[in-house]
Amino acid sequence: MELKRTFLVLSAFCVLVALLLLGLVFMICNSISSFFPSGGIEILADGSIVKLEAPTEAQQNILSMLGIIQIVSCIALPMGGLTLSGVLYYHIKLKQPISTLRNGISRIQNHDLDFSMPVHFDDELGQLCAAFDTMREELLKSNQELWRQAEERKRLNAAFSHDLRNPITVLKGTVKLLRQGTADEQAIDRLENYTLRIEQYVEAMSSIQRLGQMPVRISECSYSLLHSELEETAKIFAGALELSVSTPDKGTILLDHGMVLTVAENLIGNAARFAKSKITILVEQKRNFLHLSVTDDGPGYPVELIQSGPKPFGKMKEDSAHFGMGLYSSQILCLKHGGTLTLENKKGYGATAVSSFQINQKP
């Protein structure tokens, strides 16, 4: 029932019961009074007057008490009926929903949204509980979305700061060559190109909300340019190691040059930290994909990393530097470019990271 109808039904029922009890009280009082003499006189049919027996003082007190009981019952029983209807109405219709709402408010105040609001009755308060539960669900979704956005922003900031280290390292190495007077024309060109890359990267990262929103800027790139850039990058990151860079001799492809170099710098930087003496960089074109593999002769990737893949802010007991934002951001960029990132350990070599990028070969 609706709240108003329930209140009217309970009130009418309790008042009716009170009236029945009042009638019963009057009947009992009248029944008791009939056992006592009433006093006074009786006029007979022949006109004679007979004096009736008068009640004793004790009987008079009892009759007075019965009268008081009747008067008090006329007031107390209807009022008691109304009071009882209010108590019953609270316990039947209000107590559970109010307790549920209070409990829900308390849990929300304690930032606990992982619960559900039971609906006890299909009345106005039940509808209020259902609406409150809907509000809780929407608040939970909003909090989850805010948490997800915060995590995305955290990963984006970490990837931003991490991926800037590599071009800055290259710039530092180039400036060092300039100061030593051993730089050539390629060093000046590299300085200009990396400065432009940093500018484009900062502009792209400042306009996106997630790492997966990184725009793909397709441009023409020759294999000879890619070879020279990979070779120069490897020399700066691992100049003391034996380096081997292999790319196709001729050809021009269409890809995001900066994105490919960012992935290459991350993979080469990882290999340089763990390689014992040698790093091998291999670039191959297979159908519409460019495959870039970086192999070092270090201890290799942890088994858990190979099985589960790179994740941001992950912690490993062994070779934890292999398991960080560099590999994670590289994986995201490969996926963004239509490719993949595969990590494996080759027996007798060490760790091998193979990144692929979807490309279009220029005719």
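Every heavy atom of this structure was used, including side-chain atoms; hydrogens, water molecules and symmetry mates were not.
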Pair L292-L230, side-chain contact (heavy atoms from CB on, under 4.5 Å): steps then yes or no: CA-CA 10 Å; L292 168 67; L230 290 175; 4.2 Å; yes
Looking at every heavy atom in both E265 and P167, which two are closest together, and how far apart are they? OE1-CD, 3.6 Å
Any non-hydrogen side-chain atom of S106 less than 4.5 Å from a side-chain atom of N110? yes
Here's one to test your reading of the geometry: is the NZ or CZ of K93 within 45 degrees of the ring axis of F121 and under 6.0 Å from its centre? yes
Could you check if a side-chain atom of E220 sits within less than 4.5 angstrom of a side-chain atom of I253, using non-hydrogen atoms only? no
Only residue of T295, T342, D296 satisfying side chain to side chain donor-acceptor pair (under 3.5 Å) with T352 is T295
What heavy-atom pair brings S356 and C334 nearest, and what distance separates the two atoms? O-CB, 3.9 Å
Quick one, L243 and I281 - any side-chain contact, counting heavy atoms below 4.5 Å? no
Could you state the interatomic distance from NE2 (H120) to CD (Q96), rounded to the nearest 0.5 Å? 4.5 Å
If you group Ile, Leu, Val, Met, Phe, Trp and Tyr by side-chain heavy-atom gaps below 4.5 Å, do I218 and Y223 land in one group? yes
Beyond-backbone contact of I71 with I69, side-chain heavy atoms, under 4.5 angstrom: no
Could you grab the distance from atom CG of N193 to atom CD1 of I198, nearest 0.5 Å is fine? 11.5 Å
Euclidean distance, T6 OG1 relative to I92 CD1, rounded to 0.5 Å: 8.5 Å
Applying side chain to side chain donor-acceptor pair (under 3.5 Å), name anything that partners S222, two or more places apart in sequence or on another chain. S224
Contact summary for L343 and A353, nearest pair of heavy atoms: CD2-CB, 3.8 Å
Between atom CD1 of I28 and atom OG of S31, what is the distance when rounded to the nearest 0.5 Å? 8.0 Å
Derivation of the side-chain contact (heavy atoms from CB on, under 4.5 Å) call for I105 and Q109: CA-CA 6 Å; I105 292 172; Q109 287 176 342; 3.9 Å; yes
Return all side-chain donor-acceptor pairs below 3.5 angstrom for residues 8-24, not counting sequence neighbours, or 'none' if the list is empty.
from : atom 1 : to : atom 2 : distance (Å)
S11  : OG     : F7 : O      : 2.8

In terms of heavy-atom contacts, D112 and D114 come closest through OD1-N, 3.2 Å
To check you understand the geometry: which heavy-atom pair defines the closest contact between L290 and I359, and what is its length? CB-CG2, 3.8 Å
Would you say the side chain of L327 lies within less than 4.5 Å of the side chain of L267, judging by non-hydrogen atoms? yes
Using a strict cut-off of less than 4.0 Å between a Lys/Arg side-chain nitrogen and an Asp/Glu carboxylate oxygen, indicate whether R5 and E2 qualify as a salt bridge. no
Any heavy-atom pair between the side chains of N270 and F237 that's under 4.5 Å? no
Does one side chain, of T233 or Y194, offer a donor that lies under 3.5 Å from an acceptor on the other? yes
Yes or no on side-chain contact (heavy atoms from CB on, under 4.5 Å) for M117 and L101, after CA distance, side-chain angles and deciding distance? CA-CA 8 Å; M117 297 281 292; L101 289 172; 3.7 Å; yes
Shortest non-hydrogen contact between C221 and H257, atoms and distance: SG-CD2, 3.7 Å
D133 side-chain N/O to C129 backbone N/O, donor-acceptor pair under 3.5 Å: no
S99 (side chain) donor-acceptor with K95 (main chain) under 3.5 angstrom: no
Going from CG on L335 to OG on S355, what distance comes out if it is rounded to the nearest 0.5 angstrom? 11.0 Å
One should read off an interatomic distance between T247 OG1 and E231 CD, to the nearest 0.5 angstrom, of 9.0 Å
Taking C-beta and beyond as the side chain, do N266 and S329 meet within less than 4.5 Å on heavy atoms? yes
Using the side-chain contact (heavy atoms from CB on, under 4.5 Å) rule, take F274 and I279 through it: C-alpha gap first, then chi angles, then the decisive distance, then the call. CA-CA 10 Å; F274 292 94; I279 295 178; over 6 Å; no
So, do D256 and H337 sit near enough that their side-chain heavy atoms are less than 4.5 Å apart? yes
